[in-house]
Amino acid sequence: MLDIHYIRENHKEVIERLKVKNFDASNLVNRILEIDKKRRETQNKLDTTLSESKNMSKEIGSLFKEAKFDQANELKEKTSQLKEHSKELSSELENLKNEQQKLLTELPNLPHPSVKKGQSDEDNEVVEQQAKESIFKEKGKPHWELADKYDVIDFNTGSKISGAGFPIYKRKVARLQRALINYFLDLARSEGYEEVQPPVLVNEDSGFGTGQLPDKEGQMYELENAPLYLIPTAEVPVTNMYRDMVLQEKQFPIKNVAYSSCFRREAGSYGKEVRGLNRLHQFDKVEIVQIQHPDKSYDTLTEMIEYVKRILRNLELPFRVSRLCGGDTSFAAAVTYDLEVYSKGQKKWLEVSSVSNFETYQSLRMKTRFKNREGKMQAPHTLNGSALALPRLVAALMENNQTSAGIKLPEVIVPYTGFDYIN
RNA sequence: GGAGGAAUGGCAGAGUGGUCGAUUGCGGCGGUCUUGAAAACCGUUGUCCGUUCCGCGGGCCGGGGGUUCGAAUCCCUCUUCCUCCGCCA
């Protein structure tokens, strides 16, 4: 959520910058300013009215003490009028506040100045590519064929018991996933991230706090007999741990890592994009979250991207880093970097991590604050990134490491799996 | 699921209808003292909204609603926590 004070002062800039996200904010911003003005006027009227009736009440109190009952009763009658008036004003104020809040939540976060205008993932800027040219020429089978060959992923049985997009990992791939999760958690812990195990069901306030709600037709599954949502990422519960909190500056950076299953509706996805492990309704992910002082959040963003790159290098995977264009950057993010690995069986780049800085967008929604050096309340910046999401990573590991003896695992994971080939 | 108890400022803990945004202690911040620190002493210390920004007005005692001229205090309701019973991985 954007700060109303900021919009009030910089409405032209807000409209201009949101164009980068292909969002025409002019009507919305104008309505917000209009309502804001009305709201403040109403607040003023209400305050004056309440002040008057408050003073009268005090007077009545002292009149009673002095046993001047006639005068007291006379005043009592006067207050009833004020009361009526203040009731009207406060319900009016309530409506205006709600309306303003609703409109504010419809505004996306402002994109960082580095973000370029663009429509889709085709307009994303590759900022770094670390893949040997030779890999693009190599041949390989797609992972779904390898999964059959080694009998390690069962898509059909998953479909039977749940539906499309719910595979069953078996045998050595099941064990590989468990190993990867442990490896990622250990690595994050050694980098100072505190491990947490969050709920996978969250309430509406949490969904709102990180920006998934109020869009109910979006990515989250909603329960029918309880007001809860299945998390699409551990970002939601982990970031919301700090909702409605006043933090201390010396706590920064707050670093958490969490493993969780993630659930996504992925409505509208179809075709080859969803083949195999490419797009699932349920998958496992290790997520890193940081809460940082606004002055330092972009250093933190770089540090988080470097951290993910390090994992990919350790796993010996060819990767590239892109900065998403405005059109591809999510509603709540100021800037997002995607990390993709090249998967030679499908001959394409697979997104395995997405690292974002939300600046104050989430903290303003969540009412997360800290007291700064001047003693004033300030909104911190929130950041998160996948480190890493498993299915596409497993797909890439399978496709890129095919040998006649089976799929050879990178050395770094062998101590965790206890085996070095999937065969 | 059933029965009872509780929820007050960063924390602890007073306050049961009238100047209470709230006694007090701890903690925090500033100062005195000290070579420095501790102790002691003095002062200060919630947040949000509005404003003609010195200052002033209003809201907030778990959330919402009600009674009253007036509510932290009385009533209703919801949530959370604690104790006991039941069930249970």
What interatomic distance, in whole Å, is found between [atom1] of [M] and the corresponding atom of [N]?
{"N": "B:U16", "M": "B:C26", "atom1": "C1'", "result": "27 Å"}
{"N": "B:G46", "M": "B:G21", "atom1": "P", "result": "15 Å"}
{"N": "B:C11", "M": "B:C20", "atom1": "P", "result": "24 Å"}
{"N": "B:A12", "M": "B:A89", "atom1": "C1'", "result": "37 Å"}
{"N": "B:A22", "M": "B:U45", "atom1": "C1'", "result": "15 Å"}
{"N": "B:U79", "M": "B:G62", "atom1": "C1'", "result": "8 Å"}
{"N": "B:A71", "M": "B:C56", "atom1": "C1'", "result": "25 Å"}
{"N": "B:G63", "M": "B:G13", "atom1": "C1'", "result": "23 Å"}

Mind listing the side-chain donor-acceptor pairs of residues 173-180 of chain A below 3.5 Å, one per line with the distance, residues two or more places apart or on another chain?
none

For [X], check side-chain hydrogen bond (donor to acceptor under 3.5 Å, both in side chains) against everything at least two apart and list the hits.
{"X": "A:Glu316", "answer": "none"}
{"X": "A:Lys54", "answer": "none"}
{"X": "A:Ser51", "answer": "none"}
{"X": "A:Arg39", "answer": "A:Asp36, A:Gln100"}

5' priority, RNA chain B, between A:Asp36 and A:Arg369 [closest heavy atom]: A:Arg369
Earlier contact from the 5' end, RNA chain B, for A:Lys58 and A:Lys83: A:Lys58
Strand RNA chain B as a dot-bracket string - pairs counted if Watson-Crick or G-U with both distances under 3.5 Å, | where the partner lies in another strand: ((((((((.[[[..)..(.....]]]((((((.......))))))((((((...)))))).[[[[[..)....]]]]])))))))....
Qualifying salt bridge (charged side-chain N to carboxylate O under 4.0 Å, His left out) pairs, either residue in residues 232-249 of chain A, two or more places apart: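 Those involving residues 232-249 of chain A are A:Glu249-A:Arg373.
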Residues from residues 86-96 of chain A lying under 4.0 Å of RNA chain B - heavy atoms: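 Residues of residues 86-96 of chain A under 4.0 Å from RNA chain B: none.
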Start and end of the RNA chain B segment that chain A contacts, any atom under 4.0 Å from a heavy atom: B:G18 to B:G70
Please set out all donor-acceptor pairs under 3.5 angstrom arising from side-chain atoms of residues 161-171 of chain A, sequence neighbours excluded.
unit_1	atom_1	unit_2	atom_2	d
A:Lys170	NZ	A:Asp151	OD1	3.0
A:Arg171	NE	A:Asp151	O	3.1
A:Arg171	NH2	A:Tyr150	O	3.2

Scan the side chains in residues 102-110 of chain A for donor-acceptor partners under 3.5 Å anywhere in the protein, sequence neighbours excluded, and list what turns up.
unit_1	atom_1	unit_2	atom_2	d
A:Thr105	OG1	A:Lys102	O	2.7
A:Asn109	ND2	A:Ala332	O	2.9
A:Asn109	ND2	A:Phe358	O	3.1

Donor-acceptor pair, side chain of A:Ser322 and main chain of A:Asn124, under 3.5 angstrom: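 Flag not set: sc A:Ser322 to bb A:Asn124 has no pair under 3.5 Å.
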Sugar-phosphate only, base, or nothing, as touched by A:Ile60 at under 4.0 Å among non-hydrogen atoms: base
Sugar-phosphate, base or nothing in reach of A:Lys371, heavy atoms under 4.0 Å: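 The answer is sugar-phosphate, as A:Lys371 gets under 4.0 Å only of primed atoms, P, OP1 or OP2.
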Test ring-ring contact (aromatic ring centres under 6.0 Å, His included) applied to A:Tyr416 - qualifying residues, sequence neighbours left out: A:Tyr183
Within 6.0 angstrom of A:Gln197 CD, more than 12 heavy atoms from elsewhere: no
